[in-house]
Amino acid sequence: MKKLISIILPIFNEEENIRPIYNALKSLLEPLEHRYDFELIFVNDGSVDQSWPILRELAHRDKTVRVVSFSRNFGHQMALTAGYDLAKGDALITMDADGQDPPKLILDMLSKWEEGVQIVYARRIDRKDSFLKQVTAKVYYRFLDVVSDVKIPRNVGDFRLIDRKVLNTLNQCREKARYIRGMVAWTGFSHAMIDFSRTNRTAGSTGYTWKKMFRLAFDGMTSFSMFPLKLAAYVGVFVIVTGLLMFAYICWDTLLYQVNYPLFKWLVTVVYIFMGVQFILLWFLGEYIGRIHDQQKGRPLYVIADEINTAKECDEARV
Ligand code: UDP
Ligand code: MG
């Protein structure tokens, strides 16, 4: 039995890129067909250009190409999710369709996978994005590294290979806010990196508006960190400590130097301290909301990577 490799490509207004990437993949994969079967899965994420007719025609010509089309634009992460749901492969590769993810890396990914690595990331060693995007990406990844509960690799996008085992875990995570690169890291399976330098897209323009990028960044933060909820605790402690210092100072002044503080100054200090108390209570509230949020994500409680002597094997050994 040959192993099946699924390659998933999300498509949002890529009319000029579909045929080139299809041809590149075909010529790359043809020499491997004695070892593997391939299925290409194109997920049309509500394109408004000629992408869908082009995909339909591809699928009619080539029966190893599977295409699906969303009713509207649901976003890159949802397109990847749909691809993962549909894929039948033993290994699954997700990549952009705009030529920024060089197909030839697939060969390295497959050889790493054959060595037993379950997640193979393609890591960008330099990016040719705009200055602003580079800076925001850098700051964001550093921030996420500090606050997030799982280690999410840096400079890694959605160009990667995952093993069927990883997919089975991933498919149990049905959370709505999907930061898939974080979820893949969360599964905790063995991983390897392949470095590459990222070129500009071959044609068309980016489908990632600032708004979409911001939403993805926010999903990443809220799905993998409780830090925003804990902020209230830090503010609360700061306010209470400074408030108590102020209070001590006016007590000192009154008792030792007989300075006469008007009532409103005492009140302001006391109200300030209680503001801090409120922040602490907000943090408590946040902790409960965080737990609800965690529960609501419904991720599996643990992930089993290996099992030796399963119940079935034990039974067989006994007879
Ligand atoms: N994409 C998508 N839905 C969107 C935006 C983008 O399916 O709402 C696809 C797009 O067709 C491409 C991949 O996701 O294959 C990466 O998007 P893009 O190249 O626009 O992002 P960038 O590389 O600029 O970050
Ligand atoms: Mg791109």
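Side chains included, hydrogens not; waters and symmetry mates left out as well; all remaining heavy atoms used. First listed ligand is number 1; within each ligand, the first listed atom is number 1. Heads up: numbering here begins at 1 and tracks the sequence.
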Point to revise | Residue pairs passing the salt bridge (Lys or Arg N to Asp or Glu O under 4.0 Å) test where at least one lies in residues 289-302, sequence neighbours excluded | key: Glu175-Arg299, Glu287-Arg291, Asp294-Lys297
Review point. So, is the end of the Arg72 side chain (NZ or CZ) under 6.0 Å from the ring centre of Phe74 and within 45° of the ring's axis?
Key: yes
Check your understanding: Would you say Arg198 contacts ligand 1, with heavy atoms under 4.0 Å as the rule?
Key -> yes
Review point. Taking atom types as modelled and ignoring hydrogens, do the side chains of Asp158 and Gln77 form a donor-acceptor contact shorter than 3.5 angstrom?
Key: yes
Practice item. Give a yes or no on whether the ring-centroid distance for Phe238 and Tyr234 is below 6.0 angstrom. Key: no
**Study point:** Trp113 six-ring centre to Lys3 NZ/CZ under 6.0 Å and within 45° of normal
**Key:** yes
Practice item. Write out the residue and atom name of the closest protein heavy atom to atom 17 (O) of ligand 1, then the distance separating them to 0.1 Å. Key: Tyr208 CD1, 3.8 Å
Exercise for review: Determine, using ring centers only, whether Trp266 and Phe247 are less than 6.0 Å apart.
Suggested key: yes
Point to revise | Which residue and heavy atom of the protein sit nearest atom 24 (O) of ligand 1, plus the separation | key: Thr206 OG1, 2.7 Å
Review point. Can you list the steps and then say if Glu39 with Ser6 is a side-chain hydrogen bond (donor to acceptor under 3.5 Å, both in side chains)?
Key: CA-CA 5 Å; Glu39 60 172 1; Ser6 307; 2.6 Å; yes
**Study point:** Shortest protein contact, atom 12 (C) of ligand 1 (heavy atom only)
**Key:** Glu14 OE2, 3.3 Å
Practice item. Consider every N or O of Ser205 and every N or O of ligand 1, then say whether any pair is closer than 3.5 Å. Key: no
Practice item. Run the numbers for me: atoms of ligand 1, each under 4.0 Å from some heavy atom of Asn73, listed by number. Key: 3 (N), 4 (C), 8 (O)
Check your understanding: Aromatic ring centroids of Phe227 and Phe143 under 6.0 Å?
Key -> yes
Check your understanding: Is there a donor in the side chain of Tyr22 and an acceptor in the side chain of Asp62, or the other way round, less than 3.5 Å apart?
Key -> yes
Check your understanding: Tell me: protein heavy atom nearest atom 16 (C) of ligand 1, and distance?
Key -> Asp96 OD2, 3.2 Å
Check your understanding: Taking atom 25 (O) of ligand 1 as the point of reference, which of Met78, Lys212, Lys133, Gln100 owns the nearest heavy atom?
Key -> Lys133
**Study point:** Ile152 side chain reached by Trp186 side chain, heavy atoms, under 4.5 Å
**Key:** no
Study note, to complete from the structure: For Gly75, the atoms of ligand 1 under 4.0 Å from one of its heavy atoms are 3 (N), 8 (O)
Study note, to complete from the structure: In ligand 1, the atoms that come under 4.0 Å of a heavy atom of Arg201 are 18 (P), 19 (O), 20 (O)
Review point. Which protein non-hydrogen atom lies closest to atom 4 (C) of ligand 1, naming both residue and atom, and how far is it?
Key: Asp45 OD2, 3.5 Å
Practice item. Would you check if the distance from the ring center of Phe12 to the ring center of His76 is below 6.0 Å? Key: no
Review point. Can you tell me the protein heavy atom closest to atom 9 (C) of ligand 1 and the distance?
Key: Pro10 O, 3.9 Å
Check your understanding: Would one find an N or O of Phe12, backbone or side chain, under 3.5 Å from an N or O of ligand 1?
Key -> yes
Check your understanding: Does some side-chain heavy atom of Val271 sit less than 4.5 Å from a side-chain heavy atom of Val268?
Key -> no
Exercise for review: Less than 2.8 Å from the Mg ion (ligand 2) is the window; count the protein N, O or S atoms in it.
Suggested key: 2
Review point. Of the protein's non-hydrogen atoms, which lies at the shortest distance from atom 20 (O) of ligand 1, and what is that distance?
Key: Gly207 N, 2.5 Å
